[in-house]
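Down below is the structure, laid out as structure tokens.
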Amino acid sequence: MTSTTAPDRTAAAPGSAAHPIHPEHTPSGTLQLGIFFQGVNSSTVWRLPESGDQVAWDSFAHIVRTAQRGIFAAFFLGEGLRLREHRGVPLELDVAGRPDAQTLLAALATITEDIGLVATQNTTYNDPVDLARRLQTLDLLSGGRAAWNVVTTDNAWTGENFRRGGYLDHEDRYIHAAQFVEIAQRYWRGLPIDHHGQHYDVRAQGSLPRSAQGEPVLFQAGVSPTGRDFAARTADVIFSPYGDLDGATEFRRDIVERSIAAGRDPGAVQIMPGAEFVLAATDAEAEDKLVWLREQQIGPQQAVAYLEQFWGRDLSDFDPDGPLPDVPPEVEESDVTRGSGFQFGKAQELTREWREIAAANDWSILQFVRDKQGGRRGAFVGGYDTVADRLAQYAAVGAIDGLNITPWLIPTGLDDIVDHLVPRLQDRGVYPPEYVGHTLRENLGLPIPE
Ligand SMILES: Cc1cc2nc3c(=O)[nH]c(=O)nc-3n(C[C@H](O)[C@H](O)[C@H](O)COP(=O)(O)O)c2cc1C
């Protein structure tokens with residue numbers, strides 16, 4: 001997407017003239033990689049002979065060592081405090097929950113030297129001083145490699161694990177988040193905390209020295225307007241869902257504008273979208289692999305279960321090879337207070353729209369869900385050289401600062417990326433030949449907070 005109104009001040013940067021993001025923004029021309037070890041999810045193939053254990057130490061150790069061999073900036077853990085639920089029971093296909101991030105990252109810190117260790121932790125159910133102290137501990141023990149991915153967590157079933165219980169309104173969650181992060185930062189900086197706000201009543205004082213990088217890096221994941229403003233005010237890096245070039249360009253422009261409005265530098269907030277890689281020696285092989293992969297990821301059972309999240313009712317009588325269900329959704333069972341199925345639309349509208357799309361393409365339930373869930377959105381599919389060229393274009397445009405890769409195979413899903421793609425990115429001059437330093441802030445090029 002090309003801006004038609006902004007003067008092209010980025011034209012001096014190599015290759016950037018075609019996609020000036022914003023007059024105040026200068027592309028770095030390079031990319032970073034992170035690995036997003038998601039745990040329970042819809043994309044990991046766990047039924048292949050080479051599929052490893054999702055919670056075994058060996059799986060984490062193999063992945064983190066491979067990522068560090070590939071000069072990855074960060075090893076990233078998502079947080080899911082409870083298995084996903086549907087109609088009051090865990091999803092049948094969710095085979096494993098996620099181990100506690102900080103315990104796991106502390107262990108991984110002992111077998112790595114350079115890679116950043118990012119813990120996703122929510123501000124809705126933790127307590128700020130307690131979490132700040134634990135993150136600071138990880139930062140100290142790892143020699144300044146810790147980061148916190150701040151999320152607010154949007155479903156009621158997670159809430160039921162905690163004393164507050166159930167669902168918390170969206171805006172209220174972000175009020176929590178802002179107050180929470182402010183308290184945590186004061187704690188890290190050794191400043192007295194005398195906070196008597198809407199949600200916290202805390203008097204405290206930091207108790208640990210600063211780490212080699214000062215304090216943990218702040219990531220943020222959440223892309224509503226409120227979430228974007230929160231990130232523009234506070235985050236170092238956003239973990240976004242916009243991996244296609246147009247979507248990433250638009251998102252960057254928006255974040256640059258919000259950062260300026262918040263009084264920060266236009267490039268103060270780095271952006272790393274999530275991404276999936278389907279690579280092979282040639283483009284044709286990679287295309288075949290994509291078809292095969294989607295079949296592995298989404299079978300008939302997964303397809304029907306996916307639709308049930310949005311219809312809010314039992315659809316097991318519908319044939320996965322037949323058309324989308326012609327029954328109305330049961331909104332009261334499936335609204336946002338239960339799960340995350342309705343983040344982006346209302347049940348009636350959404351299911352009607354989906355039926356229209358499926359009918360127009362003559363798609364069955366299975367075909368529709370394979371396209372919806374997978375398709376090629378956010379996926380980098382192709383021969384090693386093709387994908388390296390495509391990433392070099394992203395770097396030149398400056399739409400993103402890096403990508404967070406979700407491997408579809410654990411634990412060997414990064415091997416081809418590190419062995420075949422990384423060297424090609426290095427040859428193209430868009431990827432670091434080695435770690436700049438031992439702290440995450442050094443490797444991401446972030447300043448140490450005062
Ligand atoms: C790319 C991305 C990754 C996320 N990862 C997690 C996660 O691991 N755990 C979690 O509880 N929430 C996660 N979230 C959800 C956020 O917690 C947030 O609740 C949700 O996106 C709603 O905020 P929003 O309306 O601002 O987007 C993620 C969101 C995004 C966009």
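Just so you know, residue 1 is the first one in the sequence shown, and it goes up from there. Below, all heavy atoms of this structure are taken into account, side chains as well, without hydrogens, waters or symmetry copies. Counting starts at 1 for both ligands and their atoms, following the listed order.
Of the N and O atoms on the side chains of Glu353 and Gln348, not one donor lies less than 3.5 Å from an acceptor on the other residue.
Residue pairs satisfying the salt bridge (charged side-chain N to carboxylate O under 4.0 Å, His left out) criterion with at least one member in residues 121-136, sequence neighbours excluded, are listed as follows: Asp127-Arg163, Asp130-Arg134.
Between Ser240 and ligand 1, not a single N/O pair is under 3.5 Å apart. Residue Thr153 places at least one N or O, backbone or side chain, under 3.5 Å from an N or O of ligand 1. Note: an N/O pair closer than 3.5 Å links Ser224 and ligand 1 by distance alone.
Taking the six-membered ring for Trp, Tyr174 and Phe180 have ring centres at least 6.0 Å apart. Outside the 6.0 Å centre-distance limit, the rings of Trp157 and Tyr167 are not counted as a close aromatic pair. In this structure, the ring of Phe37 has its center no less than 6.0 angstrom from the ring center of Phe76.
Interface of Gly78 with ligand 1, defined as ligand atoms under 4.0 Å from a residue heavy atom, comprises 8 (O). Counting atoms of ligand 1 from 1 in the listed order, those under 4.0 Å from a heavy atom of Tyr174 are 23 (O), 24 (P), 26 (O). Every atom of ligand 1 is numbered from 1 in the order shown, and the set under 4.0 Å from a heavy atom of Thr120 is 7 (C), 8 (O), 9 (N). Here is the list of ligand 1 atoms found below 4.0 Å of a heavy atom in Val223: 24 (P), 26 (O), 27 (O).
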Show the atom names and distances, to 0.1 Å, of all donor-acceptor pairs under 3.5 Å that link a side chain in residues 210-222 to residues at least two apart or in another chain.
unit_1, atom_1, unit_2, atom_2, d
Arg210, NH1, Pro449, O, 3.2
Arg210, NH2, Glu215, OE1, 2.8
Ser211, OG, Asp139, OD2, 2.6
Ser211, OG, Gln213, N, 3.1
Ser211, OG, Gly214, N, 3.4
Gln213, OE1, Arg441, N, 3.0
Gln213, NE2, Asp139, OD1, 2.8
Gln213, NE2, Gly144, O, 3.4
Gln213, NE2, Ala146, O, 2.9
Glu215, OE1, Arg189, NE, 2.9
Glu215, OE2, Arg189, NE, 3.4
Glu215, OE2, Arg189, NH2, 2.8
Gln220, NE2, Gly222, O, 2.9
Gln220, NE2, Gly227, O, 3.0

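A salt bridge is defined here as a Lys NZ or Arg NE, NH1 or NH2 lying under 4.0 Å from an Asp or Glu carboxylate O, and Asp254 with Arg228 meets this definition.
Closest approach of Phe36 to Leu77, counting heavy atoms only: CE1-C, 4.2 Å.
Residue-level proximity to ligand 1 for Arg228 is absent, since no heavy atom of it falls below 4.0 angstrom.
Between Met272, His170, Gln121, it is His170 that holds the heavy atom closest to atom 25 (O) of ligand 1. Checking Ile238, Val151, Thr152, Thr158 against atom 6 (C) of ligand 1, the nearest heavy atom belongs to Val151.
The closest approach between any non-hydrogen atom of Phe230 and ligand 1 is not below 4.0 Å.
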